[in-house]
Amino acid sequence: MRHGHTLFKTLCIALLLLAHAIAVFGAEDFSACPQFFLNRTPPAIAKRPTDRALCYDSFAILYSGESKTPVFVAERLNRASIADAGEKRTDKFFADARLRSAERATLDDYKGSGFDRGHMAPAADMPNPTAMAQSFSLANIVPQAREHNRGVWAKQVEAATRKYASRAAGDVYVITGPVYWPSIAESPSIGPGRIRVPKYLFKLVYDQQQNRAWAHWHENSDATKASPPISYNDLVKRTQVNFFPNTSPVR
DNA sequence: CGGCGGGCAATG
DNA sequence: CATTGCCCGCCG
């Protein structure tokens with residue numbers, strides 16, 4: 001009797017710990033890190049079987065075990081977070097142990113591929129050493145054309161977004177991600193793990209104070225030049241993702 | 001031009 | 001493993 005009671009208590013504690021672990025790591029959804037999403041509401045998207053929600057200190061990832069890249073990465077930037085940014089880069093990329101080995105990218109996949117390991121949530125956005133280190137998870141990375149990554153994307157897109165957030169009155173919600181050919185399976189890939197190479201990259205920026213949104217849309221190519229942002233509605237049409245449910249931003 | 005952000009690769 | 005040097009594009 002006494003023994004049974006103790007066993008029951010132990011089981012209860014184990015279940016609570018498990019539930020807590022799932023919440024912390026966001027294994028099933030983004031309930032552990034809603035703060036990175038406008039109105040604490042993640043994009044409305046039909047999840048594929050290998051998609052996984054991952055929470056980090058300063059960003060959240062919906063990760064695809066099919067493409068072995070993010071589906072999207074969400075951040076919330078503001079004047080304070082940008083003021084804290086500027087950590088020294090660690091450059092320690094790593095295969096993310098939170099993902100099943102069959103569904104994660106490895107360092108080998110990118111090595112010698114000819115593509116840069118391009119951040120979706122940029123390292124330079126990160127406000128502290130932990131977040132900086134986490135940003136080098138390959139779950140936050142896509143194969144990106146070298147000169148695109150270091151040139152127009154780094155300056156006209158990433159740095160420009162930081163600059164905007166540093167001057168914004170309130171929070172700026174940013175969602176960055178890859179776009180593939182109509183079928184991921186037909187998309188080119190790198191490495192033994194067949195990491196898919198995006199056809200396009202987008203970065204959606206939303207200023208909550210002004211209810212304004214715009215999106216950078218770039219072909220993942222060394223030849224890509226700076227281009228004016230597209231509208232929120234155009235991005236929704238091109239990606240078929242309702243990024244901001246129940247919100248209608250203006251341009 | 002130097003500095004910065006984003007990388008790669010060779011070396012100990 | 002960490003360090004170092006190098007490259008690139010862009011900005012002021």
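Each chain gets a letter, A, B and so on, in the order the sequences are listed, and its residues count up from 1.
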In whole angstrom, what separates [X]'s [atom1] from [N]'s [atom2]?
{"X": "A/D116", "N": "C/dC6", "atom1": "CG", "atom2": "C1'", "result": "14 Å"}
{"X": "A/D108", "N": "B/dA9", "atom1": "CG", "atom2": "P", "result": "12 Å"}
{"X": "A/L107", "N": "B/dC8", "atom1": "CG", "atom2": "P", "result": "10 Å"}
{"X": "A/N220", "N": "B/dG7", "atom1": "CG", "atom2": "P", "result": "12 Å"}
{"X": "A/K163", "N": "C/dG12", "atom1": "NZ", "atom2": "C1'", "result": "10 Å"}
{"X": "A/H119", "N": "B/dG7", "atom1": "NE2", "atom2": "P", "result": "6 Å"}
{"X": "A/D91", "N": "C/dA2", "atom1": "CG", "atom2": "P", "result": "12 Å"}
{"X": "A/K203", "N": "B/dG6", "atom1": "NZ", "atom2": "C1'", "result": "13 Å"}

Nucleotide nearest [X] when distance is taken to its side chain, options [options]:
{"X": "A/R89", "options": "C/dC8, B/dC8, B/dG7", "result": "B/dG7"}
{"X": "A/P122", "options": "B/dC8, B/dG6, C/dG9", "result": "B/dG6"}
{"X": "A/R146", "options": "C/dC10, B/dG7, C/dC8", "result": "C/dC8"}

Closest-nucleotide mapping onto DNA chain B: is A/G86 or A/K111 further toward the 5' terminus? I mean the 5' end. A/G86
Looking at [X], I'd like to know whether one of its side-chain N or O atoms comes within less than 4.0 Å of OP1 or OP2 on [N].
{"X": "A/N149", "N": "B/dG6", "result": "no"}
{"X": "A/K92", "N": "C/dA2", "result": "yes"}
{"X": "A/Q144", "N": "B/dG7", "result": "no"}

Regarding [X] and the six-membered ring of [Y], is the cationic atom NZ or CZ under 6.0 Å from the ring centre and inside 45° of its axis?
{"X": "A/R52", "Y": "A/Y63", "answer": "no"}
{"X": "A/R238", "Y": "A/W217", "answer": "yes"}
{"X": "A/R98", "Y": "A/Y56", "answer": "yes"}

In terms of side-chain heavy atoms, does A/D207 have a donor or acceptor partner in A/Y164 at a distance below 3.5 Å?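 Side-chain D/A pair, A/D207 to A/Y164: present.
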Charged N to carboxylate O under 4.0 angstrom, A/K199 versus A/E219? yes
Quick one: label A/F115 by what it contacts on the DNA or RNA (base, sugar-phosphate, nothing), any heavy atom closer than 4.0 Å. sugar-phosphate
If you go through the side-chain atoms of A/R150, does one of them form a donor-acceptor pair with the base of C/dC7 closer than 3.5 Å?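 Checked by distance alone, the answer is yes.
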